[in-house]
2 protein chains.
Amino acid sequence: MSYTLEEIARLAGVSRSTVSRVINHHPSVRPEVRERVWRIIREVGYQPHAAARNLATRRSQIVGVVIPETLPKVFSDPYFPAVLRGISDALIERGYHLMLSLLSPQQEEDFYQRALRGRVVDGIIVLSARITDPLIRRAYQEGLPVVSIGRYPQEPGVTYVDVDNVGGGRMATEHLLRLGRRRVATIAGPQTMAPGIDRLEGYCAALQAWGLSPLPEWIAEGDFTEAGGYMAMHRLLPARPDAVFVASDLMAVGALKALREAGLRVPDDIAIVGYDDVELARFTDPPLTTVRQPIYELGRVAVHLLLRQLEEGTREPQRVILPVELVIRSSCGALREFGAHELSSESFIGS
Amino acid sequence: MSYTLEEIARLAGVSRSTVSRVINHHPSVRPEVRERVWRIIREVGYQPHAAARNLATRRSQIVGVVIPETLPKVFSDPYFPAVLRGISDALIERGYHLMLSLLSPQQEEDFYQRALRGRVVDGIIVLSARITDPLIRRAYQEGLPVVSIGRYPQEPGVTYVDVDNVGGGRMATEHLLRLGRRRVATIAGPQTMAPGIDRLEGYCAALQAWGLSPLPEWIAEGDFTEAGGYMAMHRLLPARPDAVFVASDLMAVGALKALREAGLRVPDDIAIVGYDDVELARFTDPPLTTVRQPIYELGRVAVHLLLRQLEEGTREPQRVILPVELVIRSSCGALREFGAHELSSESFIGS
DNA sequence: AATTTATTTGGGAGCGCTCCCAAAAAGTGC
DNA sequence: GCACTTTTTGGGAGCGCTCCCAAATAAATT
């Protein structure tokens with residue numbers, strides 16, 4: 001049914017080793033022999049057996065992508081497919097396969113043992129929101145190749161790539177300040193997640209750069225959901241803000257609802273800037289000014305960082321931060337004054 | 001660094017074979033020996049090498065999930081993550097890994113050779129909208145385990161699972177008829193895709209069941225995008241329909257826009273029923289009555305069908321159709337008359 | 001206790017490839 | 001044409017597991 005190297009060798013009148021060399025494009029094979037071998041291979045449709053090759057090379061050419069089960073609920077529509085496409089495209093270009101693992105916390109241990117220690121995969125990319133993801137730490141400590149998508153401050157040696165959440169938060173907030181708003185509040189994300197922490201940091205930095213100090217009553221923590229945004233907005237109302245930077249569009253939708261119920265007009269009474277630029281952001285009333293992130297690129301860069309570890313054996317941690325851009329729509333009230341345009345944060349790459 | 005069976009055997013004072021038996025839960029090992037071996041395994045953190053095992057068993061315990069590159073653009077937000085979750089959950093339960101391949105048509109050939117014929121995966125699940133997907137046909141003809149998510153009429157032997165698109169189309173259309181509408185048009189999906197064809201068939205069946213015949217001027221074909229829906233609606237307007245069954249919510253959004261521009265009120269002047277129940281459907285004006293599909297279940301069933309082939313060697317084609325349900329909101333005008341409720345199509349399973 | 005039967009264990013062979021080393025063939029220079 | 005170098009080729013060993021068969025051991029039967 002299925003051919004082996006040895007059989008191809010016999011058919012081509014050469015040895016097993018020569019066929020192996022041909023397949024692996026090893027230079028030291030006479031052109032005529034190489035041609036003859038390729039012909040036989042094509043003729044019989046020979047395909048080397050992956051497991052045998054993996055065993056001999058101790059490489060599987062498979063990269064694991066780990067997504068904690070809770071994530072897709074939080075990161076809304078474009079995020080998940082876009083980052084996967086970035087990863088997938090980059091892996092295919094480099095001849096790797098993608099093993100996707102959507103894991104609940106209980107399944108992580110088993111995955112770690114079977115897939116990573118059992119060498120089903122050569123390395124993993126973890127899409128973790130949790131700042132203390134145990135899988136990343138463990139893989140890193142055991143010397144298994146791992147890249148985190150999302151900052152990983154817990155363990156300074158871990159290689160990661162992230163979007164510029166601090167810069168995005170700062171940019172969004174400064175945009176509101178520049179429009180003349182002075183009572184700028186924020187609905188922050190959960191302070192257990194790097195994006196939640198970083199976007200809030202950007203907010204605070206912007207205020208301080210304008211000589212304002214971030215007051216506790218202007219900061220409400222949400223959980224990145226619509227309901228969370230709704231409730232957070234209610235907690236913010238007594239402080240009478242004239243603008244709110246909301247750390248996710250989904251929360252912004254909830255906030256808009258709360259404002260509508262409170263009889264406040266957006267952007268006249270209160271300006272809103274969201275974050276993520278989800279599909280929905282174009283359809284809210286009014287359409288959301290928001291921060292767009294290079295999600296696809298995030299995936300591509302993660303792959304490059306991982307393969308650098310795999311193929312070049314780089315052990316020094318790499319850190320890449322990708323720039324984000326402000327997408328101006330109506331909810332911030334800028335359109336009447338400036339016309340639509342986009343702003344972009346600075347990109348910086350460190351190691 | 002990493003242990004092998006042989007080393008564990010030496011440490012436990014038994015043979016390689018015995019350790020292998022312990023690991024594979026083979027019954028014929030004395031309990032005390034089994035205990036001793038497990039202790040050593042746990043102590044040193046031994047994990048069998050996947051490639052070696054794969055080579056010996058000729059199984060990889062990996063299932064490939066193939067998604068043609070064009071698909072995620074068409075199927076909107078909940079579809080893609082939901083079906084993957086269904087697949088992933090079911091695979092994990094059965095001890096398999098998921099290899100995800102997002103492929104462009106040019107990459108399909110290479111994938112077929114390397115992954116499938118090279119036995120990187122034990123079988124594949126293909127999420128194909130195209131009714132003539134070449135990958136499915138080829139895998140099937142070469143006897144490699146494959147399950148199609150989405151009807152596959154091309155090759156009668158192919159095992160597939162699908163949602164009840166015909167039933168959904170019929171249900172949506174009948175709902176409009178039951179509400180007293182008689183000039184019921186449709187914006188159909190592309191007639192190259194099974195869902196496009198099937199939903200239109202359901203529409204026609206419903207009309208006929210009510211003694212009406214589907215007129216050409218009441219049928220406009222869209223491409224499942226918002227823009228396509230917008231243009232299709234324009235083509236439909238001259239026929240002065242009082243209701244439209246739109247074969248996807250995204251197209252319905254476009255249709256609503258066209259109606260708004262034409263000064264028609266929904267549902268008063270014209271009733272709309274969409275399809276898919278995407279996130280957005282709750283936010284349109286008015287909120288869309290639509291058809292919800294058991295997407296998650298689709299993934300789970302696909303896995304069961306594939307593993308049945310893999311583990312039981314079933315060769316007869318299996319066909320499963322999952323029921324859908326009507327979600328009633330305001331765009332059909334039913335709420336005033338009946339109050340909200342849901343209807344569900346019949347489930348049927350054939351072979 | 002001796003014999004038969006069932007259970008448990010060990011070791012060889014093999015899965016299909018790569019990698020290394022030595023042998024063979026081809027090429028160089030005088 | 002001969003000695004020497006370089007290129008090309010073949011075969012052994014090994015990657016780490018499973019599977020089968022036979023040997024060893026334990027249990028059952030008379």
Side-chain angles (χ1 to χ4, degrees), chain A residues 1-38 40-41 44-62 95 113-122 311, chain B residues 1-38 40-41 44-62 95 113-120 122:
Chain A
M1 158 146 189
S2 202
Y3 289 82
T4 70
L5 258 199
E6 203 91 39
E7 290 166 324
I8 301 300
R10 203 171 36 73
L11 290 173
V14 294
S15 80
R16 191 169 25 98
S17 303
T18 301
V19 180
S20 173
R21 284 186 193 100
V22 169
I23 286 183
N24 295 297
H25 305 101
H26 195 287
S28 71
V29 177
R30 291 212 322 282
E32 67 223 66
V33 176
R34 192 185 313 141
E35 213 18 82
R36 190 167 77 238
V37 172
W38 271 128
I40 304 282
I41 290 177
V44 306
Y46 167 73
Q47 183 65 35
H49 191 103
R53 187 176 256 184
N54 294 170
L55 180 57
T57 58
R58 320 183 62 63
R59 286 293 180 111
S60 69
Q61 301 290 105
I62 301 179
Q113 296 297 339
R114 288 210 320 158
L116 203 55
R117 301 209 43 232
R119 294 293 195 286
V120 174
V121 297
D122 292 338
E311 297 179 351
Chain B
M1 158 143 189
S2 203
Y3 289 83
T4 71
L5 258 198
E6 203 92 38
E7 291 166 323
I8 300 300
R10 202 170 37 70
L11 290 173
V14 294
S15 80
R16 192 169 26 98
S17 304
T18 300
V19 180
S20 173
R21 285 188 192 98
V22 169
I23 286 184
N24 294 296
H25 305 101
H26 195 287
S28 72
V29 177
R30 290 213 322 280
E32 67 223 68
V33 175
R34 193 185 313 141
E35 214 17 83
R36 189 166 79 237
V37 172
W38 270 128
I40 304 282
I41 290 177
V44 306
Y46 167 73
Q47 184 64 35
H49 191 103
R53 187 177 257 185
N54 293 170
L55 179 56
T57 57
R58 320 184 61 64
R59 288 294 181 109
S60 69
Q61 301 288 107
I62 301 179
Q113 295 297 340
R114 288 210 319 159
L116 203 55
R117 302 209 42 232
R119 294 295 194 284
V120 174
D122 291 339

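Protein chains get the first letters and strands the later ones, always in sequence-line order, with residue 1 at the start of each. Keep in mind that what you see is a predicted model, and the values were worked out from it rather than measured.
The phosphate of D:dT18 (OP1 or OP2) has a side-chain N or O of B:R53 nearer than 4.0 angstrom. Phosphate proximity of D:dT18 to B:S20: present, with a side-chain N or O under 4.0 Å from OP1 or OP2. Contact annotation: B:Y46 side-chain N/O to D:dC17 OP1/OP2 distance is under 4.0 Å. At the phosphate of C:dG11, neither OP1 nor OP2 sits under 4.0 Å from any side-chain N or O atom of B:S17. Distances shown here put every side-chain N or O of B:T57 at or beyond 4.0 Å from the OP1 or OP2 atom of D:dC19. Phosphate contact (OP1/OP2 of D:dG10, side-chain N/O of A:S15, threshold under 4.0 Å): present.
Counting only heavy atoms from C-beta on, A:R58 has its side chain closest to D:dC15 among C:dT9, D:dC15, D:dG11. In this structure, the nucleotide among C:dG16, D:dT18, D:dG16 sitting nearest to the side chain of A:A56 is C:dG16. Among the nucleotides C:dG10, D:dC17, C:dG16, the one closest to any side-chain atom of B:L5 is D:dC17.
For the side chain to side chain contact (heavy atoms under 4.5 Å, CB included) test with A:V22, the passing option among A:E35, A:R36, A:R34 is A:R34; the others fail.
Nearest-nucleotide assignment on DNA chain C puts the 5′-proximal partner with B:R30, out of A:R21 and B:R30.
The residue B:N24 sits close only to the backbone: its heavy atoms come under 4.0 Å of sugar-phosphate atoms, none of a base. Residue A:T4 is classed as a sugar-phosphate contact, given heavy-atom separations below 4.0 Å to backbone atoms only.
When the C1' atom of D:dC15 is taken as reference, atom OH of B:Y3 falls 19 Å away, rounded to whole Å. Regarding A:L55, its CG atom lies at a distance of 12 Å from the C1' atom of D:dT18, rounded to whole Å.
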